[in-house]
2 protein chains.
Amino acid sequence: MASYHHGDLRRVLLTTAAAAIAESGPAALSMRDLARRAGVSHAAPAHHFGDKAGLLTALATQGFDLLADALRAADGDLLDAGVAYVGFAVRHRAHFDVMFRPELYRADDPELVAARARAGELLRGGVARRTGGQRDADALAAWSIVHGFATLWLAGALPPRVGGDPQAAARSVIGRLFA
Amino acid sequence: MASYHHGDLRRVLLTTAAAAIAESGPAALSMRDLARRAGVSHAAPAHHFGDKAGLLTALATQGFDLLADALRAADGDLLDAGVAYVGFAVRHRAHFDVMFRPELYRADDPELVAARARAGELLRGGVARRTGGQRDADALAAWSIVHGFATLWLAGALPPRVGGDPQAAARSVIGRLFA
DNA sequence: ACCCTAACTTGTCATTGACAAGATGGCATC
DNA sequence: GATGCCATCTTGTCAATGACAAGTTAGGGT
């Protein structure tokens with residue numbers, strides 16, 4: 001038997017939830033099924049997250065932090081940042097799914113707000129190095145195109161001819177911006 | 001008392017469901033609450049749609065048809081088609097929300113597949129008039145940018161400075177493509 | 001040795017989705 | 001105009017779920 005005090009349950013629940021959501025979407029996630037997968041009682045998740053919205057808030061927060069990490073690695077280059085954005089969405093599909101669905105979680109949670117602000121800062125930074133032009137509109141266009149591509153990819157809405165490598169396809173698409 | 005045979009229930013349920021989803025998202029939609037809003041018994045919706053997935057399949061199908069109508073009105077112009085796409089997303093938020101969430105409905109439903117194909121045809125048509133370039137990648141970029149903008153707008157993820165008119169903002173953003 | 005509290009469990013309740021079976025009434029057919 | 005048919009809608013029921021209340025366990029500080 002595992003010890004009565006799991007000790008690491010919160011993290012395990014988050015990763016398990018991410019896996020479950022990646023399979024069937026946030027709507028299909030059940031607190032009780034999550035508890036079952038983690039081998040704990042049906043009320044254990046509620047202890048750590050309060051309720052379902054609490055869990056998804058934690059997931060979204062983690063997601064914004066992961067996105068910030070991914071963008072940091074691109075180091076300010078617009079194209080790389082865009083590709084990294086798509087890469088993040090594909091690698092962390094569950095987080096991405098939840099992050100932009102604020103009705104599922106508590107969008108005013110302080111930790112969530114802070115993490116989102118950090119990621120937003122890096123997102124804007126990716127465009128900052130471009131010279132001239134209307135920076136705001138450029139940033140918005142860049143964000144829109146990568147977000148749209150990632151969303152369509154994840155939804156399976158893109159035709160097969162796009163190919164199997166989302167990051168490569170994204171690179172080609174982003175190239176159409178400011179061409 | 002309303003007559004025992006409602007006669008128009010199916011359509012009423014679809015519009016009521018769209019309103020409910022526009023308020024709180026597809027996840028929060030309850031068949032029983034839907035029945036309550038429509039003033040019918042809790043099992044009436046299931047008669048028309050089978051189950052929740054059936055209802056959302058019907059909504060998505062209707063959504064693709066509405067999108068096709070909106071695109072047709074743009075008459076082949078790329079910029080107009082993009083603005084129309086965003087306008088559709090904002091005006092028919094619930095439909096748009098469901099359409100690109102295939103795990104919520106039966107993506108292989110024949111009527112759904114047909115409606116989606118019709119809309120897809122018009123979508124590609126919006127880019128067809130452009131001369132030269134790699135048409136596929138151009139179409140993908142255009143779709144991505146309008147879809148991303150619409151998604152971000154609906155998620156409330158855009159900063160306030162973007163303003164209150166999504167179609168105007170979209171026009172400016174789309175202008176960054178092929179500039 | 002003691003308690004204090006975080007971590008988890010058991011128990012419960014209203015609500016939900018899905019299904020089964022019954023009731024109603026318009027409509028075609030004779 | 002009586003009869004039968006069947007789509008439409010209702011009532012009834014069941015397992016599963018989310019949320020909450022109350023109890024149990026163990027580890028750490030004093």
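Residue numbering restarts at 1 for every chain, and letters A, B, ... go by the order of the sequence lines.
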Practice item. Would you mind listing every side chain to side chain donor-acceptor pair (under 3.5 Å) that reaches into residues 45-57 of chain B, with sequence neighbours excluded? Key: B/D51-B/R106
Review point. Which angle, rounded to 10°, do you find between the first-five-pair axis and the last-five-pair axis of the helix from C/dA1-D/dT30 to C/dC30-D/dG1?
Key: 10°
Review point. Can you name the residues that form a side-chain contact (heavy atoms from CB on, under 4.5 Å) with B/A141, not counting sequence neighbours?
Key: A/I145, A/V173, A/R176, B/L177
Point to revise | All pairs passing salt bridge (Lys or Arg N to Asp or Glu O under 4.0 Å) where residues 79-96 of chain B contributes a residue, at least two apart | key: B/D80-B/R171
**Study point:** Interface residues of residues 26-33 of chain A with DNA chain D (non-hydrogen, below 4.0 angstrom)
**Key:** A/L29, A/S30, A/M31, A/R32
Review point. By side-chain contact (heavy atoms from CB on, under 4.5 Å), which residues pair with A/E121, not counting sequence neighbours?
Key: A/R124
Exercise for review: Could you list by number each residue of residues 99-109 of chain B showing a heavy-atom separation from DNA chain D of less than 4.0 Å, or answer none if no residue does?
Suggested key: none
Just list the side-chain donor-acceptor pairs under 3.5 Å for residues 62-70 of chain A, sequence neighbours left out, or say none.
{"residue": "A/Q62", "atom": "OE1", "partner": "A/H95", "partner atom": "NE2", "Å": "2.8"}
{"residue": "A/D65", "atom": "OD1", "partner": "A/R118", "partner atom": "NH2", "Å": "2.8"}
{"residue": "A/D69", "atom": "OD1", "partner": "A/R72", "partner atom": "NH2", "Å": "3.2"}

Review point. What salt bridge (Lys or Arg N to Asp or Glu O under 4.0 Å) pairs are there with at least one residue in residues 37-50 of chain B, not counting sequence neighbours?
Key: B/E23-B/R37, B/D33-B/R37
Review point. Excluding sequence neighbours, so at least two apart, what forms side-chain contact (heavy atoms from CB on, under 4.5 Å) with A/T15?
Key: none
Review point. In residues 14-22 of chain A, which residues come under 4.0 Å of DNA chain C by heavy atom?
Key: none
Practice item. List in chain and number order the residues that pass side-chain contact (heavy atoms from CB on, under 4.5 Å) with B/V113, two or more places apart in sequence or in another chain; answer none if no residue qualifies. Key: B/R116
